[in-house]
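Whatever order the structure lists ligands and atoms in, that order sets their numbers, starting from 1.
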Amino acid sequence: MKDKFGREIGYLRVAVTDRCNLRCLYCMPEEGVEFKPHPEILTYEEIERVIRAAVPLGITKIRLTGGEPLVRKDLPDFIKKIRSIPGIEEIALTTNGTFLPKYAYALKEAGLDRVNISLDSLKPERYKEMTRGGDLSKVLRGINLALDLGLKPVKLNVVVVKGFNDDEVLDFVAFVREKEVHVRFIEFMSIGESRTWKNRGYVENAQLRERISLKDQTLTALSAEEVSVLGNGPAEYYRVQGGLGTIGFISPVSNHFCSRCNRLRLTADGKLRPCLLSDRYVDIKTALRSGGSQKTLQDLIKKTIFSKPEEKEIDQTKPEDEIGPDTAFMSQIGG
Ligand code: SAM
Ligand code: SF4
């Protein structure tokens with residue numbers, strides 16, 4: 001279904017939990033955010049109802065995210081259920097990767113198509129610091145397993161934070177030379193927890209690209225066909241000479257891609273959000289829990305699609321006190 005501005009909405013991101021086993025500096029405070037009590041979180045059955053209602057409206061692609069989706073029990077069983085819904089063409093997962101060594105086989109067997117893995121540093125000590133305790137070796141094992149099992153294309157999300165990991169950009173370029181992974185440098189956004197994080201600072205992707213080009217003269221943009229294999233998302237992709245993988249740039253701050261945005265988000269506590277960078281949402285949980293019909297759910301989904309703003313409404317570059325009332329945490333919206 002098209003929104004008011006002619007964008008075809010075909011993609012639903014579902015945060016299956018707001019909990020996480022890590023505490024990335026920019027995403028969650030050390031003590032954790034106040035997690036929603038279990039009854040507030042949608043059950044798998046409720047999420048499935050939303051997806052079933054969304055498919056006839058044109059949703060064909062589902063991404064499971066969180067918090068950390070792999071901390072929610074029985075995720076493979078849930079994937080099996082949504083795999084069986086006619087009209088679902090792709091199921092993807094965004095994960096911090098630490099539980100992939102444990103669950104990758106079950107996820108693949110359940111029908112998961114592919115994974116995006118978040119990895120902000122290739123240095124064990126720094127990774128541990130940025131995630132407050134994460135173990136890099138588990139993520140690296142998870143990446144290898146995802147490749148071996150064909151959960152491809154395997155994409156790596158690297159949030160670049162000034163003064164923290166921007167010195168590792170060339171290490172990531174070296175990484176894609178050796179492995180068939182698609183590293184996407186994501187501009188750090190000042191929202192949720194990161195609004196109050198004093199060390200925040202983003203590096204414009206154009207600067208990173210220049211820095212890489214200086215070292216690697218052979219950075220070439222992928223053709224439209226090659227990009228479509230990787231999914232027509234917000235990233236701009238480049239090949240590095242001799243690389244098995246590619247590098248990409250996602251620039252929500254310096255060069256937002258609202259005109260191409262095709263997605264909706266369902267938060268773990270049952271809010272449909274038309275835009276990551278807007279406070280707008282439509283409550284769908286009340287309808288789910290008060291006997292709302294499929295038609296009622298579809299009306300709410302349509303309402304969300306129609307409320308999708310033409311452009312982002314939160315300017316992440318503004319200082320904290322100028323951004324306005326609080327926006328939800330990334331771990332609640334799902335990134
Ligand atoms: N726990 C999973 C993970 O880390 O991949 C899924 C949820 S996480 C909220 C989804 C994505 O949002 C991750 O790639 C994370 O790095 C990114 N993210 C979180 N806070 C961010 C911020 N302030 N700016 C940019 N990306 C952010
Ligand atoms: Fe957890 Fe992902 Fe947030 Fe890190 S970015 S704290 S892994 S939800």
For the residue pair L93 and L70, establish whether any side-chain heavy-atom pair is separated by less than 4.5 Å. yes
For ligand 1, the portion of T95 having any non-hydrogen atom under 4.0 Å away: backbone
Any idea which atoms of ligand 1 are less than 4.0 Å away from a heavy-atom of S118? 3 (C), 4 (O), 5 (O), 13 (C), 14 (O)
Hey, are T94 and N157 close enough side-chain-wise for a donor-acceptor pair under 3.5 Å? no
Would you please test D18 and K36 for salt bridge (Lys or Arg N to Asp or Glu O under 4.0 Å) and show each step? CA-CA 7 Å; D18 61 348; K36 304 274 177 190; over 6 Å; no
Which atoms of ligand 1 are found less than 4.0 Å from any heavy atom of M189? 22 (C), 23 (N), 24 (N), 25 (C)
Can you tell me which residue among I247, L119, V139 is in a side chain to side chain contact (heavy atoms under 4.5 Å, CB included) with L156? L119
Quick one: which ligand 1 atoms are inside 4.0 Å of a heavy atom on N157? 14 (O)
Can a donor-acceptor pair be found between the side chains of N144 and K179 at a distance below 3.5 Å? yes
Nearest option to atom 2 (C) of ligand 1, as decided by whichever heavy atom of R184, M28, E68 sits closest: E68
Please tell me whether N21 and E68 have a donor and an acceptor in their side chains that are separated by less than 3.5 angstrom. no
Under the rule for salt bridge (charged side-chain N to carboxylate O under 4.0 Å, His left out), what residues qualify as partners of E48, not counting sequence neighbours? R52
I'd like to verify the contacts: list protein N, O or S atoms under a distance of 2.8 Å from atom 1 (Fe) of ligand 2. C20 SG
Interfacing atoms of ligand 1 (cut-off 4.0 Å, heavy-atom, G67): 1 (N), 2 (C), 6 (C), 7 (C)
With a cut-off of under 6.0 Å to the ring centre and 45° to the axis, is R72 in cation-pi contact with Y44? yes
Checking K108, K61, R83 against D113 for side chain to side chain donor-acceptor pair (under 3.5 Å), the one that qualifies is R83
Which atoms of ligand 1 are found less than 4.0 Å from any heavy atom of T65? 6 (C), 7 (C)
